[in-house]
Every structure is written in structure tokens, then in C-alpha cells.
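Values reported hereafter were calculated over all heavy atoms of this structure, with side chains retained and with hydrogens, waters and symmetry mates removed. Naming convention: chains lettered A, B, ... in sequence-line order (proteins, then strands); numbering from 1 in each chain.
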Amino acid sequence: MPLDVYDKLMMLAKRRGFIYPSFEIYGGSAGFYDYGPLGSRLKENIENLWRKFYILKDNCIEISTPTITLYEVLKASGHVEEFTDLTVDCKKCKQSFKLEEIIKENISIEKAIKNNEITCPKCKSKLKNPYPVNLMFSTKIGIGQGRDAFLRPETAQGIFIDFHLLYRYKREKLPFGVIQIGKGYRNEVSPRQGIIRLREFSMAEAEIFFDPKDKNHSNFNSFKDKELYLYDNEKEKKYSLEKAVNDKIINNQALAYYMYLTQEFLISAGVDLKKFRFRKHAENELAHYAEECWDAELYSERFGWIECVGIADRSAYDLNSHIKKSGTDMYATRKYDKPKIVEIKKIIPKMAELGPLFKKKAGEIKIILENMEVKRLDKILVKIDGKTIEIPEKCYSIVEKKEKQTGEKFVPHVIEPSYGIDRILYCILEHNYIEKRKKDEDYRILKLNPIISPIKVGVLPLINDNRLYKIAKEIDFLLRDSGIETYYDDKGTIGRRYARMDEVGTPFCITVDHDSIEDDSVTIRYRDSAKQDRIKINEIKNILKEKIMN
RNA sequence: GCGGAUAUGAUCUAGGGGUUAUGAUAUUAGCUUCCCAAGCUAAUUGCCCGGGUUCAAAUCCCGGUAUCCGCACCA
């Protein structure tokens, strides 16, 4: 079988220090890869380019929170329920089921397994060997009776649970965006696609907090005529931001704007526009927290369209959950022009009654009651852990009073662009991998955008001559000293050295020859065209800086 | 997780129950070389892991791991 691009690329990546399989000397483990010297630089360059888009262009703030996350956080966010389920396969119907959905009521999962009482809801045959689909890695904080925790499946929760602090930091004004770049962990059932599906992976996430009544974006008008590459599950089509929002293809300005920002980022990072598109999630595809979601997909020859960025409208889901579970005030305020005097009815919980009746859940119920709008005076219903409970009348009293209100409280909505850095990195490599024949030999070039190339310039003395070495080494030091990554190489023929640089995506080479001794000039050679120019040594730095920034 | 296939230096590969495991590429050192993987000389690196059969296993058998292809799962 001939090698495909993936094979060739992964071979190159391993040989030249981009990507290595992790733990290889002990047999390796699926879903883990090391970034080698060049891979680490490339990844960091991609992340820093991303920061430019979010911190500089969009004025977001960045935070950094632990990867080990307390059980309670992920319980509140819904991840505990959503990520751990016993699953069982029916060989006849070739379908999988979540165990808790198909066993009879009143029978515990343990009992059902023990007594072999699991039946397929379709064909009624007995099912065996349930296995847990637990996508979170669990751990404990502290020894002995430690607290339960998980390695985070996304960086987003770290941002949500700091919302009240960040809202104050931003002087209580919406909208604002918070970003975090870091590792996330998912114990994938079967990671078999190299760096595309990792168990430990890097993500860059932004959470933009909005007033739900105003999901417009201040940058929208500047870009409203720009075009987005959309795909409606049938065909690809270009829409301007404005038209997409007006035609309700995209729900709001903010979502459309962040899609545009994503598109721009990916293009500057070196993604091939022909292998790029946005696809809207169908209703049944949406994650448990999402209201609307667009994926930026990148095309790979082996894997087809890969979801590399998800831009989701998470509405108020997460903040609501954390308000409810933690009792923290995570509301934002919409100020009135003039303060209002209003008569309000408020529920005052009677804890003396609530406590004995509901025990552990009483605290949570108290918070819900206090924040409840009292409309009619019939029943007070509270939804907790998915069940609706009626609160008896003796547990609360209702008071009417006048209050001066300066504004109204609301839970902000969140738009979340979430980027899989490793997937993007792979696609960039694949999109920029060029293979040619040169003198009957395979010739490989990585046409990486200079801004993300791990090495910006190769510094090469043309031939074996100490005078040339000396000049080349001075240039090499000068460039590194001014922040340009270089690679000095004086071994072998010049052609071989150019080839080596081309293969790892170095966009420029500076070659020092005998004329350099006489007139302080060198050759600059361009990777993509193999063309050369003659430039002065004292111009190198500025010329390179300019070319790298473009 | 289930079924099938595969596993030899960094890469591609030949071979194969018994002395020193093949070739190419790459890499390193030297010679040569004034602009695109040239040439010459030398050097470096290997039978996936564990167990069994055998006087002897890289080779045969079993198990594990990884990779690939289906199925399932997942984003």
C-alpha cells in the first residue's frame, strides 16, 4: 500500500523533531504524543498567533487555572453526568446503549449486572459486558480521605467559576472576553488517529460574556461585508457576515464575528482556504451545554473533514449551574437610566422547616427560592437534580415590599470559540506539505507561514573556509540576539543544507560566500521559490523582520 | 471495546530454528566542492515486549502493546 500524506508527514515529523510517540521505549500508549524541539516551537508560535487575535484584536483578557479540577465544579457543569456512563453493546442490533437508560426502574445498576438482567430495548436479547464510557480522568487531591477531582476535560470551567472576579476586574461592563490556553484531558475510548485525537491535548478557549439582550459586537460593522465559508451539510457557500445574520443562518452578530475572527486566524496560521469550511451542528449533535454551534473544519486527506474549532453559544447554561450549585452571585447588572421604585413579592425561606425536610438539599433550595420570581400564589415548584419538587407552604413566607432598583440582574450569556491546537497544528502541516521530484529524488518542502515557522532563517557558509565561518557565526548571533530563531549549518554541500531547511519549513536562508568578505553582502534565498537576492549584512535584520511579520 | 492484518537500525527494506542479520537512504567525522540532497573514505544505530517449545528462537507457539482496516464509541 502506498504511503499517504499522513504517513509521510508523521515520518518527517518524527525524523526531524516535530512529533514523537510518547513513552515509546516502553511500548507507547495510544493518544499521547510528545512535541519535539521543532514541534514545541511550532505549537508555541501558533498559540502566540492566536493570542494576537484574541488579546490584541479582540481585547480579551487571559487567565490560567489548574488542570486538576474539583469534583464539584464538573458536577455542576454537567460533565460528571455527561461523561461517565456504563455502556453496553447489542451485537445483534449493532447498537450501544447507556445502561441506566435501559434497565428496569427500582433496580440498581450493580444488581442488574449481577443478575444478568440487561435486555436490549430493541430486540430483547440479553446483553452482557457493560463497560464504562468515562471520558474524564479522575484523581484525588491529598492522601487518604482526599477530595475527588478530575483532570479537566475543557479549560472553560476555570473561566466560568472565576466570572464574578473577572466581571469586577472589567469594572462590571459587558461584553468582555476571557481566554485560556492549556491542556485538557479526555480518556478517549479508542484514540487511533495520531495527533487528531489525543487523550491529553492543548486547547485555546475564549469565553465571551454578553448581555443576552444584546448579542451584537462592536467590531461587527467593520467586517460585515467580509465573507464566511459556510457549509450547510449539502454544499459550500460564501456569505457575508451581514447576510448570514440577516438571513438567520447565524443566530447573532457576535457568533458571526467570532467565526470571522477564527477564519482569519486559521488563514494567517497557514490553513489552505480550499480545505476550510464552517459547518453548523444539527440539533442532535449539540453538546449538553450548547444552543447553537458552528465548527470550523479543516480537510485532511486521510481523515476527511476534521473539526478543529467549535464556536458555540453556550447561553447562560454554565453560569446558571454554578450560581445554583455554589450560591455565588454571578449575575451581571443592567443599569436603568433612572432608578425604579417597584413593589415586589419575595419568598423568605423558613430554614427551620426546610432543613429537617430536605436535609442536604435545603441549602440549594434556599438559593433557588430567594431568587425566584413570585407570580401566582398557588404552588411553589423547585427543580433539583432533574426532579421537580413541590415546596410545602409552611416552609416559606411571602413578603411584599417596596424596593428601589437601580438596575436588573441577569445571567450573562456566553459565546465560546474553542480551538484544538493539536488538530490545527496537524492540518497546517498537512496543508503546507509539498512534495516534488528534484533530480529523480523526492523533495519535500513545508511551506509554513514565516510567522509560525520554528526556525526563521538558516545561516550557511557556502563552503568550508574559516573566514566564511566567522562571518556566518557573527550573523547568526546577531539575528538570534534580536529575537529571530536561526539555524547555523556548515556541514555538507549547500544543496543538502537548503534541502534540510526546506523540509522543516524554514522560510529563508542566508548564505555567506567569498564576496561577503569583500563587500559585506550575502545571499538571501527564499524557500518557496528557491530564488535568491543579494543584500547587505547590516540590512539582514530589518529585511527578515519585515518578511516574518507579513 | 469487538473482529481481521501487521511489527527487522532514525527511514524504507532483504532474509530467516544454528558462526559476524541484507541493502539503500539518513546521521557523524574527514577529503572534495563558489549556490540547490553530487563524489570518495570511514564510523554509528536494529530483529516490539513478556512467557513457552527447543541443545539453540529474530525465526515456531501463546499472551501483551502499538499501528493499519472494518464495527462500535467520541468531537
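Regarding A:F201, its CZ atom lies at a distance of 11 Å from the C1' atom of B:C74, rounded to whole Å.
For B:A14, there is no paired base (Watson-Crick or G-U wobble, both distances below 3.5 Å). B:G1 is paired with B:C71 under the criterion used here, namely a Watson-Crick or G-U wobble arrangement in which both key atom distances are under 3.5 Å. Pairing for B:C47 is absent, judged as Watson-Crick or G-U wobble with the two contacts each under 3.5 Å.
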What does the B/S/- profile of nucleotides 22-32 of chain B look like, 5' to 3', with a 4.0 Å heavy-atom cutoff to protein? ----SS-SSS-
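An OP1 or OP2 oxygen of B:A38 is reached within less than 4.0 angstrom by a side-chain nitrogen or oxygen of A:T493. For B:U11, the OP1/OP2 oxygens have a side-chain nitrogen or oxygen of A:K14 closer than 4.0 Å.
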CA sep, side-chain torsions, deciding dist, call: A:Y487, A:D476, side-chain hydrogen bond (donor to acceptor under 3.5 Å, both in side chains): CA-CA 8 Å; A:Y487 191 88; A:D476 181 60; over 6 Å; no
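Close placement of the A:Y419 and A:F265 rings is indicated, their centers lying within 6.0 Å of each other. Aromatic pair A:F276/A:Y299: ring centres not closer than 6.0 Å.
Salt bridge status for A:E301 with A:K8: absent, with no side-chain N to carboxylate O gap under 4.0 Å.
Ranked by how close their nearest RNA chain B nucleotide is to the 5' end, A:G31 and A:R423 are led by A:G31.
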